[in-house]
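What you see is a predicted model; the values in this text were computed from it and never measured. Positions are given from 1, in the same order as the sequence printed here.
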Amino acid sequence: MDFKRMLTAMVISMLLMIGLQAFFPSLFPQPQNAQQQATQQQAAQVAAAPLGTTVPITVDTDTVHAVIDEKSGDLRGLTLNQYDATNDVSKKFVLFADGKPLTYIAQSQLLDVNGNDVLADATFTAAQKAYTLNGDNVEVKLSAQTSHGLQVDKVYTFSKGSYLVNVRFDVKNTSEQPVKLGTAYKIVRDKSAPEGEGWFMRSYNGPVVYTPDAKEFQKVEYGDLDDDFASGKDSVEYQRKATGGYVGMIQHYFVSSWIMQPANGENLCANNVCTIDIKRRADNLYHAGVNMAAVDVPASGSKTFTANLFAGPQVTSTLKTITPEFELTKDYGRVHIFASPLFALLNWLHSVIGNWGWAIVFLTLIVKAILYPLNQKAYRSMAKMRAVAPKLEALKKKFPNPEDRMALQAGMMQLYRDEKINPLGGCLPMLLQMPIFIGLYWMIFLSVELRQAPWLGWITDLSRPDPFYILPLIMAGTMWFQTKLSPPPSDPAQAQMMKIMPLMFSIMFFFFPAGLVLYYVVNNLLTIVQQWLVNKEADKEAEQAKVVVLDKEPKEKKKK
């Protein structure tokens with residue numbers, strides 16, 4: 001019973017720690033075989049062709065190196081200057097690319113009343129091929145003339161210290177007829193896995209949308225879009241009509257999104273309902289975007305259409321300044337209610353301490369202190385189970401045969417009653433804490449603030465695995481020591497398994513970010529101290545109980 005109880009608790013903990021994949025598989029991408037990966041790479045190469053060859057206009061700011069295609073006006077390249085590449089720290093992180101090997105771009109279009117791109121046959125031109133930020137802002141203007149008598153200037157505005165890009169269409173109708181024009185803003189990409197993603201480093205990658213109409217952060221799986229594409233239907237569940245919000249793509253640490261309702265700006269959907277459009281395209285790419293309702297541009301008149309694109313890291317303090325609920329793009333999933341306040345506490349600790357590693361250590365201390373009563377109850381129950389282990393062993397020897405199972409169970413239950421032990425007393429308090437532990441896991445795992453953040457000595461980046469595996473080895477040692485403090489299994493095979501399990505469970509920690517392993521190491525060390533003190537107190541109480549019994553026996557004999 002003690003082994004089953006421990007094994008059940010560890011298995012449940014493990015399942016919950018890795019994100020409840022067993023219960024909610026749709027929330028997490030499944031591992032792909034070599035054939036599937038090859039198919040995706042081929043699809044990405046095919047997808048690059050419809051975009052055409054990029055004629056680059058480069059833009060350099062303190063935060064990004066951007067590439068705009070002069071012909072189409074698409075934003076086809078975006079390198080984040082302040083973030084290293086996941087697989088090579090000597091290079092910068094590439095978010096947008098035009099198909100080498102990743103296809104991930106931002107498109108903005110002018111549409112007629114039938115939804116056709118009025119600039120499809122037009123070609124933009126720019127005054128120069130390279131722009132550099134010298135002040136607070138830099139503008140890149142591309143001009144085109146359409147066959148419909150429209151003169152269009154497409155203007156990108158990049159700002160100092162910002163990942164927010166303003167995209168503006170200045171339209172002049174030089175014809176003698178009024179026209180109706182709408183706009184479409186899209187994030188387009190293939191479904192290849194982000195750089196550095198692995199079995200133990202996996203989070204949601206794909207389209208997302210938030211609108212105040214649904215009041216829900218919605219994720220749209222690539223697989224569901226594939227099903228719609230194959231069937232020719234449009235049945236994927238997400239909010240189609242919007243009066244604000246945002247739509248785009250997210251991946252581990254980074255987000256790209258068109259903002260319909262800026263925190264300090266005009267709501268693009270205030271007067272006309274916007275239509276959210278998330279689909280798989282015929283060129284094997286996926287887009288997540290929004291179409292704005294068409295408005296009149298009078299003859300010989302002009303009209304300006306503007307929107308903001310955010311493409312950068314999921315830094316919580318920045319996300320909150322962009323648009324309401326934009327911090328949800330740091331996708332904590334179902335444990336957001338726990339993870340969000342835990343990050344707020346971690347962020348405050350960092351503001352005081354100035355080091356994310358030590359902030360994690362102190363956060364663990366605070367959480368452990370808050371959960372002290374629950375843990376104390378669990379460890380007391382485990383200590384009692386440890387103390388009665390010899391009596392349980394004696395019962396098993398008394399009823400060794402399979403036909404004695406009922407008698408053995410009855411004897412064990414009577415022993416639990418006599419000793420005032422709840423067999424589940426050690427499990428239930430632990431299970432009650434699982435949502436908090438899972439919240440801590442996802443909070444640390446998804447915090448881009450820890451990317452490139454040093455702790456001490458050999459740990460120079462808390463978002464990467466420990467380069468010398470020192471923390472994972474300490475983690476394995478603490479797990480092994482915890483088994484020594486827990487009730488021992490009576491079966492030799494089970495006891496051997498309990499010795500091996502810490503090694504099995506700790507293998508994954510060799511691949512986890514150092515920040516996560518640091519949290520678990522500190523948590524385990526505190527657990528060992530608390531459990532050791534409880535065991536010591538329980539042993540002392542047991543010794544005192546024996547002394548009391550021995551003192552009473554002579555008195556009873558004298559009375560007789």
Side-chain angles (χ1 to χ4, degrees), residues 57 59 68-75 105-127 131 137-159 164-188 211 240-248 257-277 287-311 322-323:
I57 298 173
V59 186
I68 301 169
D69 177 31
E70 186 175 15
K71 292 188 300 182
S72 64
D74 299 337
L75 180 57
I105 67 173
Q107 290 183 330
S108 44
Q109 301 167 323
L110 287 174
L111 307 179
D112 61 21
V113 289
N114 297 317
N116 300 313
D117 183 5
V118 300
L119 296 169
D121 299 325
T123 299
F124 285 102
T125 58
Y131 294 80
N137 301 292
V138 58
E139 283 194 351
V140 180
K141 183 167 75 172
L142 303 96
S143 301
Q145 184 77 36
T146 75
S147 57
H148 303 86
L150 298 177
Q151 182 179 328
V152 180
D153 289 333
K154 187 174 186 178
V155 183
Y156 284 89
T157 303
F158 297 82
S159 301
L164 195 65
V165 182
N166 181 266
V167 182
R168 187 178 80 245
F169 287 103
D170 294 329
V171 181
K172 290 183 180 179
N173 182 5
T174 60
S175 71
E176 297 180 356
Q177 300 294 328
V179 296
K180 280 185 173 291
L181 293 178
T183 49
Y185 302 97
K186 301 173 183 177
I187 302 295
V188 182
T211 71
R240 297 302 201 279
K241 299 295 183 180
T243 56
Y246 54 87
V247 60
S257 179
W258 288 103
I259 310 300
M260 296 173 277
Q261 186 179 1
N264 299 306
E266 180 183 359
N267 184 352
L268 303 183
C269 307
N271 299 320
N272 300 289
V273 175
C274 298
T275 302
I276 305 299
D277 183 27
H287 73 235
V290 56
N291 296 336
M292 308 293 181
V295 296
D296 289 322
V297 181
S300 302
S302 61
K303 183 72 177 178
T304 296
F305 304 87
T306 186
N308 288 318
L309 168 71
F310 182 90
I322 303 301
T323 186

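Note: F124 CZ to Q145 CD = 11.5 Å, rounded to the nearest 0.5 Å. Here the NZ atom belonging to K241 is positioned 10.5 Å from the SG atom belonging to C269, to the nearest 0.5 angstrom. If you take CG on L268 and CD on Q261, they are separated by 9.5 Å, rounding to the nearest 0.5 Å. Residue K154 holds its NZ atom at 8.5 Å from CD1 of I68, rounded to the nearest 0.5 Å. Once rounded to the nearest 0.5 Å, the distance linking CH2 of W258 with NZ of K186 reads 12.0 Å. Summarising the geometry, atom CG belonging to L181 is positioned 5.5 Å from atom CG belonging to L150; distances are rounded to the nearest 0.5 Å.
Under a 3.5 Å cut-off, the side chain of T306 and the backbone N or O of R168 do not form any donor-acceptor pair.
Annotation: side chain of V152 is not in contact with side chain of V118 (no heavy-atom distance under 4.5 Å). Residues L110 and T183 have side chains in contact (heavy-atom distance under 4.5 Å, counting atoms from C-beta outward). For the pair D277 and V290, the minimum side-chain heavy-atom distance is 4.5 Å or more. Contact annotation: the side chain of V171 never approaches that of D153 to less than 4.5 Å [non-hydrogen atoms, C-beta and beyond]. I57 is listed as a side-chain neighbour of Y131, based on a closest heavy-atom distance under 4.5 Å. Here the side chains of F305 and S108 are not in contact, with every heavy-atom distance at 4.5 Å or above. Two residues are said to be in side-chain contact when any heavy atoms from C-beta on lie closer than 4.5 Å; V165 and N308 fail this criterion.
Smallest separation of non-hydrogen atoms from G149 and T174: O-OG1, 2.5 Å.
Applying the side-chain hydrogen bond (donor to acceptor under 3.5 Å, both in side chains) rule to E70 yields the partners K129; only residues at least two apart in sequence or on another chain are considered. When the side-chain hydrogen bond (donor to acceptor under 3.5 Å, both in side chains) test is applied to T323, no partner is found at least two apart in sequence or on another chain.
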Kindly list each side-chain donor-acceptor pair under 3.5 angstrom involving residues 291-304, sequence neighbours excluded, with atom names and distances?
| unit_1 | atom_1 | unit_2 | atom_2 | d |
| --- | --- | --- | --- | --- |
| D296 | OD1 | K180 | NZ | 3.1 |
| T304 | OG1 | D170 | OD1 | 3.3 |

